[in-house]
Each structure stands twice: as structure tokens, then as C-alpha cells.
Amino acid sequence: MQQLIGILIVLGCVFGGFALMGGTVTAIWHPIEILIIVGAAFGALVIGNEKHVLTEMAHQLKKIASRKKHDSEFQRQLLLLMYELLQLASGGLKALDAHVEAPRESAIFQRYPRILDEPKLLAFIVDNFRLMAMGKINAHELEGVLEQELEAIHEELTQPSKSLHKIAEGMPGFGILAAVLGIVMAMYSVSEGADSGAIAEKVGAAMVGTFIGIFFCYGLLDPLSNMMKQLVNGEASTMETVKVVLCTHVAGKPALLAIDAGRRLIQLNTKPSFAQLEQWINAMGGGEDESQVKRRRSSDRMTG
């Protein structure tokens with residue numbers, strides 16, 4: 001809804017202001033100019049990027065359009081899933097084999113459909129539980145491995161937004177390209193004996209190309225690339241949460257403490273409080289009893 005409101009504000013202010021100045025839609029409606037500019041930009045995007053980058057770009061744009069966000073419900077499902085997996089792992093990591101080998105068939109994962117809808121996050125979770133089950137690895141080694149993996153993932157996921165931003169920066173140039181072609185046609189009409197009115201009309205049509213390029217740059221593509229960047233940062237924050245949970249667990253901390261360590265990395269607008277986390281776990285039937293909570297909090301104060 002917010003993005004739709006923003007689009008309406010941009011369109012209303014730009015074209016509404018043009019109308020208030022006495023302009024008409026026919027004065028700026030030149031489909032051939034749009035074809036030249038948009039076609040050249042799309043071609044440059046295809047030339048400059050590999051297929052997997054274009055596929056990921058389409059996926060991110062679709063996610064933005066569908067308004068699927070990592071809201072509080074998503075964070076609840078993520079934290080509870082990790083808690084269940086850690087509780088199961090406390091009886092031995094081999095107990096996780098059936099779940100991480102086929103997560104979509106696992107009764108645990110099926111309770112958290114929002115996580116199943118995120119294939120990259122799902123793969124990150126199950127791959128690293130497999131890594132932990134394959135052999136002894138300490139917290140420092142695991143953290144190093146996950147840091148490198150997250151860096152590679154983040155670099156790959158940010159490539160579409162970077163590519164779209166470069167195209168956005170080039171849109172005024174494509175607009176000038178269309179404008180130059182329009183001026184060429186205007187000059188050609190002079191040699192054919194066109195009157196001043198016809199020449200002025202062709203020059204005005206050529207200048208529309210510059211307007212379209214600038215409008216697409218600052219009014220559409222640059223905001224879209226920024227939204228994609230924010231989307232990727234949110235996904236990276238989620239994976240950082242999983243990383244901290246796993247490293248804290250491998251360091252020998254209790255499941256609840258490991259989950260709370262991950263909770264602290266969740267973005268502020270969706271981060272639950274520790275009290276909410278306890279309520280969720282207790283409602284699931286896997287929380288500590290009151291005496292355990294008091295003992296743990298007292299121990300935390302003493303060690304802190």
C-alpha cells in the first residue's frame with residue numbers, strides 16, 4: 001500500500017503539475033520515444049548481466065509487488081522453528097537427519113509455512129544443521145564458515161539492485177539518445193520544406209525523450225533499486241539471526257539463550273521482546289517453568 005501511495009504521489013505531482021501549466025497528455029504521449037528508451041535500457045540490462053542475476057531481479061521485484069515482508073509473524077515462526085530444532089538436537093544431532101534431509105516433508109517444518117516459502121533461508125538452515133551433524137565443529141570455526149557464506153550470499157543477492165541502479169543512472173542518457181534522434185528527424189523535415197510550426201512540434205516531441213529518461217530514472221527505477229536493497233538487507237538480517245543462534249548453541253548455551261541471542265539481531269521494526277519470545281515458547285509447550293526462568297535470570301545478572 002505504501003508503495004502504491006508513493007507512485008500515485010509521483011504521478012499526481014508530475015503530470016498534475018504539467019496539466020495545471022496548461023499541458024495536455026497528447027503533448028507528451030510519444031510511444032516511439034518510450035520504445036527507444038525502454039527498449040535500449042532493457043537491452044543494456046540483458047547485455048550486462050548473467051541469466052541468474054536477471055532471474056533473481058525478477059524474483060525480488062515479484063516479492064516487492066506481492067508485499068511479502070519479514071513481519072512479526074515471520075519472525076515468530078523463524079524463532080520457534082529454530083527452538084524446536086535445537087530442542088531436538090539436544091538429544092543428538094542425528095535426530096535431525098530426517099527433518100533436514102526432507103524439510104518439506106518434516107512435521108516440524110510444516111508447522112512454519114512462512115519459512116518453507118523462503119527457499120534461500122530454508123536451504124541456509126538445513127545445510128548448516130547438516131554441517132553440525134557431520135562432525136565436531138566448535139563455535140569459532142562455525143562462525144568463520146557462516147561469515148564467509150553470508151558474505152557470498154549477500155554479494156549475490158545485492159547484484160540485481162546494483163544492476164538496476166546502474167540502468168537507472170543511464171536512463172537520462174537513453175532519454176538524450178531518443179531526443180537526439182528526434183532532433184535529427186526535425187532537421188530532416190527542414191530539408192523537406194516543413195514550416196516552423198511542424199518543426200517546433202518535432203523538436204518538442206524530441207525533448208519528451210529527455211523527460212521520459214529523467215522520469216524513469218528518479219521516479220521509478222532508482223526507488224525500485226532501493227526497495228530491492230532494503231529487501232536483501234532484511235533477508236541478510238534473518239540469516240544473521242540463524243547464524244548467531246547456531247553459533248551460540250554450538251558454544252554450549254541452552255536453547256532459549258541461543259534463540260534470544262538471535263532475537264537481538266532482528267530488525268527493530270519487527271523484533272519481539274524477550275517476554276514475547278517466552279510467551280510463544282510457553283504457548284508451544286516447550287518453555288522453561290517459572291523456577292527455571294528465575295534461576296536463569298538470576299545467573300545472567302550475576303555473570304553480567
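Worth saying up front: this structure is predicted, and the values here are computed from it rather than measured. Numbering starts at 1 and runs along the sequence shown.
In this structure, Cys217 and Ala168 approach most closely via the heavy-atom pair SG-O, 2.9 Å. The shortest heavy-atom contact between Ser161 and Met228 is N-CE, 3.7 Å. Here the closest non-hydrogen pair linking Val203 and Ala186 is CG2-CB, 3.9 Å. The two residues Ile37 and Ala178 come nearest to each other via the heavy atoms CG1-CB, 3.8 Å. Heavy atoms only, all atoms of each residue included: Thr270 and Ile266 are closest at OG1-CG2, 3.5 Å. Considering every non-hydrogen atom in both Val250 and Ala139, the closest pair reads CG1-N, 3.5 Å.
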>> salt bridge (charged side-chain N to carboxylate O under 4.0 Å, His left out), that's the test. Do Glu149 and Lys243 meet it? Break it down for me.
In response: CA-CA 10 Å; Glu149 183 179 4; Lys243 182 203 81 171; over 6 Å; no

>> As a quick check of understanding, evaluate side-chain contact (heavy atoms from CB on, under 4.5 Å) for Met239 and Lys120, giving each step before the final call.
In response: CA-CA 9 Å; Met239 291 186 182; Lys120 297 183 183 68; 4.0 Å; yes

>> Evaluate Ile28 against Ile212 for side-chain contact (heavy atoms from CB on, under 4.5 Å), listing each step before the verdict.
In response: CA-CA 9 Å; Ile28 56 175; Ile212 293 173; over 6 Å; no

> Which is it for Asp222 and Phe216 under the side-chain contact (heavy atoms from CB on, under 4.5 Å) test, yes or no, and what are the steps along the way?
Replying inline: CA-CA 8 Å; Asp222 194 53; Phe216 269 82; over 6 Å; no

> Checking side-chain contact (heavy atoms from CB on, under 4.5 Å) for the pair Leu78/His70: CA distance, chi angles, key distance, verdict?
Replying inline: CA-CA 10 Å; Leu78 174 64; His70 290 180; over 6 Å; no

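Rounding to the nearest 0.5 angstrom, the gap separating the CD1 atom in Ile7 from the CG atom in Leu220 is 7.0 Å. Distance CG/Leu177 to CE/Met171: 11.0 Å, rounded to 0.5 Å. Separation of atoms CG (Leu54) and CD (Gln159) is listed at 10.5 Å; rounding is to 0.5 Å. Atom CG of residue Leu79 and atom CD1 of residue Ile281 lie 8.0 Å apart, to the nearest 0.5 angstrom. Annotation: the span from Leu157 atom CG to Met57 atom CE amounts to 12.5 Å, rounded to 0.5 Å. With values rounded to the nearest 0.5 angstrom, Leu142 atom CG is found 6.5 Å from Asn128 atom CG.
A heavy-atom distance below 4.5 Å is not found between the side chains of Trp29 and Val208. A 4.5 Å side-chain heavy-atom check between Met284 and Tyr83 finds at least one atom pair inside the cut-off. Under the 4.5 Å side-chain criterion, counting only non-hydrogen atoms from C-beta, Asp71 is in contact with Arg114. Two residues are said to be in side-chain contact when any heavy atoms from C-beta on lie closer than 4.5 Å; His154 and Thr158 meet this criterion. At a threshold of 4.5 Å between non-hydrogen side-chain atoms, the residues Phe174 and Ile36 do not count as touching. For the pair Glu143 and Val244, the minimum side-chain heavy-atom distance is 4.5 Å or more.
Residues Phe18 and Val25 share a hydrophobic cluster, clusters being chains of Ile/Leu/Val/Met/Phe/Trp/Tyr side chains in contact below 4.5 Å. Both Met21 and Leu11 are members of a single hydrophobic cluster when ILVMFWY side chains are connected at heavy-atom separations under 4.5 Å. Taken together through direct or relayed side-chain contacts under 4.5 Å among Ile, Leu, Val, Met, Phe, Trp and Tyr, Val14 and Ile34 form part of one hydrophobic cluster. Both Leu131 and Val126 are assigned to one and the same hydrophobic cluster, defined by single-linkage of ILVMFWY side chains at heavy-atom distances under 4.5 Å. Met227 and Ile167 end up in the same hydrophobic cluster when Ile, Leu, Val, Met, Phe, Trp and Tyr side chains are linked at under 4.5 Å.
A donor-acceptor pair under 3.5 Å links the side-chain atoms of Arg263 to the main chain of Pro272, judged by distance alone. Here the side chain of Gln276 pairs a donor or acceptor atom with the backbone of Ser273 at under 3.5 angstrom. At distances below 3.5 Å, at least one donor-acceptor pair connects side-chain atoms of Asn49 with backbone N or O atoms of Leu45.
His52 and Glu56 are not linked by any side-chain donor-acceptor pair at a separation below 3.5 angstrom, with hydrogens and angles left out of the test. Using a 3.5 Å distance cut-off with no hydrogens or angles, the side chains of Ser106 and Gln110 do not pair a donor with an acceptor.
Counting non-hydrogen atoms of neighbouring residues, nucleotides and ligands closer than 6.0 angstrom, the CD atom of Glu192 exceeds 12 such neighbours. Atom NZ of Lys166 has 12 or fewer neighbouring heavy atoms from other residues, nucleotides or ligands inside a 6.0 Å radius.
Note on Lys63 versus Asp117: no salt bridge recorded, every NZ/NE/NH1/NH2 to OD/OE distance being 4.0 Å or above.
Taking the six-membered ring wherever Trp is involved, the centroid distance between the rings of Phe15 and Phe215 falls below 6.0 Å.
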